[in-house]
Amino acid sequence: MSFLEIMRIVLLVVHIVGTSAIVGAFVLQMPWRKGFDFSPMLVGSIVQIVSGCGLIAVRRFDDLPVPELKMIVKMGLAILILAIVIVALVRQRRLVNEERSDAPLRPLIYAVGAAGIAAVVVALAWR
Ligand code: HEM
């Protein structure tokens, strides 16, 4: 097994852990009504962007195909998730400071979950 092949597998494992952080945090919090934790989604979206770029680089170095449009769509979804999470964290901090419930943020948990699952569908179904 070459060095590049080992690097690709390591990055792919990190990438799958990042996927789990996003989708797992969504599944866990689906029934929750308040007290949301967006931090695994924040870390997960950053991990996806960094490991995804690493995967593209390793695949290019190893002369493996990189479907560009698919990568653009995945990057768009990862940035969308990151943006939703940042908005959610800012709004949550404001609500907590005002001693109000963060229940209005529930749709944002679902928005992150939907975008995360859409990215998994793109990863698996777009060949
Ligand atoms: C929420 C965001 C993302 C999710 C849920 C996700 C999910 C996945 C999954 C499940 C795989 C494995 C599927 C397979 O190899 O057939 C994969 C592979 C891959 N992803 Fe992502 N991904 C995301 C974001 C990104 C981003 C932002 C990039 C880079 C722009 C990227 C680049 C790649 C590449 C290059 C592979 C292929 C790895 C290989 O087999 O060599 N991903 N992704």
Side-chain angles (χ1 to χ4, degrees):
M1 200 185 252
S2 70
F3 173 72
L4 283 175
E5 184 64 4
I6 294 168
M7 282 301 291
R8 194 179 68 80
I9 302 292
V10 169
L11 284 168
L12 194 51
V13 170
V14 172
H15 204 63
I16 297 302
V17 173
T19 302
S20 317
I22 296 169
V23 180
F26 164 61
V27 172
L28 175 73
Q29 299 182 66
M30 268 171 78
W32 293 14
R33 301 282 153 175
K34 58 183 169 56
F36 302 112
D37 185 359
F38 288 93
S39 51
M41 295 165 159
L42 177 67
V43 174
S45 56
I46 295 169
V47 165
Q48 289 311 79
I49 291 169
V50 174
S51 61
C53 290
L55 279 166
I56 291 175
V58 169
R59 290 183 69 89
R60 285 249 158 90
F61 279 129
D62 217 4
D63 287 329
L64 293 170
V66 178
E68 297 207 336
L69 187 57
K70 177 179 174 179
M71 293 304 122
I72 291 169
V73 171
K74 289 184 75 182
M75 183 59 89
L77 286 166
I79 291 173
L80 175 68
I81 292 171
L82 182 59
I84 297 169
V85 169
I86 291 170
V87 168
L89 286 169
V90 170
R91 285 183 59 191
Q92 191 176 40
R93 177 172 292 191
R94 200 173 301 150
L95 288 166
V96 168
N97 284 346
E98 292 167 1
E99 292 180 9
R100 290 163 61 198
S101 163
D102 66 357
L105 303 183
R106 193 162 182 237
L108 297 184
I109 288 281
Y110 277 78
V112 169
I117 291 169
V120 173
V121 172
V122 169
L124 301 181
W126 188 327
R127 288 289 156 201

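The first residue of the sequence shown is numbered 1, and numbering continues consecutively from there. Start at 1 and go down the list; that is how both ligands and their atoms are numbered. Side chains included, hydrogens not; waters and symmetry mates left out as well; all remaining heavy atoms used.
- Atom 20 (N) of ligand 1 has as its closest protein heavy atom Lys74 NZ, 2.5 Å.
- Between Thr19 and ligand 1, no N or O atom pair is found at a separation short of 3.5 Å.
- For Leu12, the closest heavy-atom approach to ligand 1 falls below 4.0 Å.
- Contact atoms of ligand 1 toward Ala119: 1 (C), 2 (C), 3 (C), 4 (C), 5 (C) (distance under 4.0 Å to a heavy atom of the residue).
- Counting the atoms of ligand 1 from 1 in the order shown, those under 4.0 Å from a heavy atom of Leu124 are 13 (C).
- In this structure, Asp37 contributes its side chain and Ser39 its backbone to a donor-acceptor pair below 3.5 Å.
- For ligand 1, the atoms lying closer than 4.0 Å to a non-hydrogen atom of Arg8 are 39 (C), 40 (O), 41 (O).
- Both Phe38 and Trp32 sit in one connected hydrophobic cluster of ILVMFWY residues. Membership requires side-chain heavy atoms under 4.5 Å apart, directly or through other members.
- The nearest heavy-atom contact from the protein to atom 16 (O) of ligand 1 is Arg127 NH2, 3.2 Å.
- A donor-acceptor pair under 3.5 Å is absent between the side-chain atoms of Lys74 and the main chain of Ala119, judged by distance alone.
- Classification of Glu68 and Arg60 as a salt-bridged pair holds, one side-chain N sitting under 4.0 Å from a carboxylate O.
- In terms of protein heavy-atom proximity, atom 9 (C) of ligand 1 is nearest to Ala123 CB, 3.6 Å.
- In this structure, Met7 and Asp62 have side chains that are not in contact, with every pair of non-hydrogen atoms separated by 4.5 Å or more.
- With respect to atom 36 (C) of ligand 1, the closest heavy atom belonging to the protein is Leu55 CD1, 4.0 Å.
- Between Ile16 and ligand 1 there is a heavy-atom distance shorter than 4.0 Å.
- In this structure, Arg106 contributes its side chain and Met30 its backbone to a donor-acceptor pair below 3.5 Å.
- Partner of Val58 under the side-chain contact (heavy atoms from CB on, under 4.5 Å) criterion, out of Val10, Leu11, Ile9: Leu11 alone.
- The minimum distance between atom 21 (Fe) of ligand 1 and any N, O or S atom of His15 involves atom NE2.
- For atom 28 (C) of ligand 1, the nearest protein heavy atom (residue, atom name, distance) is Gly52 CA, 3.5 Å.
- For Gln92 (side chain) and Phe36 (main-chain N/O), a donor-acceptor pair under 3.5 Å exists by modelled atom type.
- Remark: minimum distance from atom 32 (C) of ligand 1 to any protein heavy atom is reached at Met71 SD, 3.5 Å.
- Checking side-chain atoms of Asp102 against main-chain N and O of Lys34 turns up no donor-acceptor pair under 3.5 Å.
- Given atom 27 (C) of ligand 1, the protein heavy atom at minimum distance is Met75 CA, 3.6 Å.
- Ile81 has its side chain out of reach of Gln48: every pair of non-hydrogen atoms, C-beta onward, lies at least 4.5 Å apart.
- Protein heavy atom closest to atom 3 (C) of ligand 1, with residue, atom name and distance, is Gln48 NE2, 3.3 Å.
- Counting atoms of ligand 1 from 1 in the listed order, those under 4.0 Å from a heavy atom of Ile81 are 1 (C).
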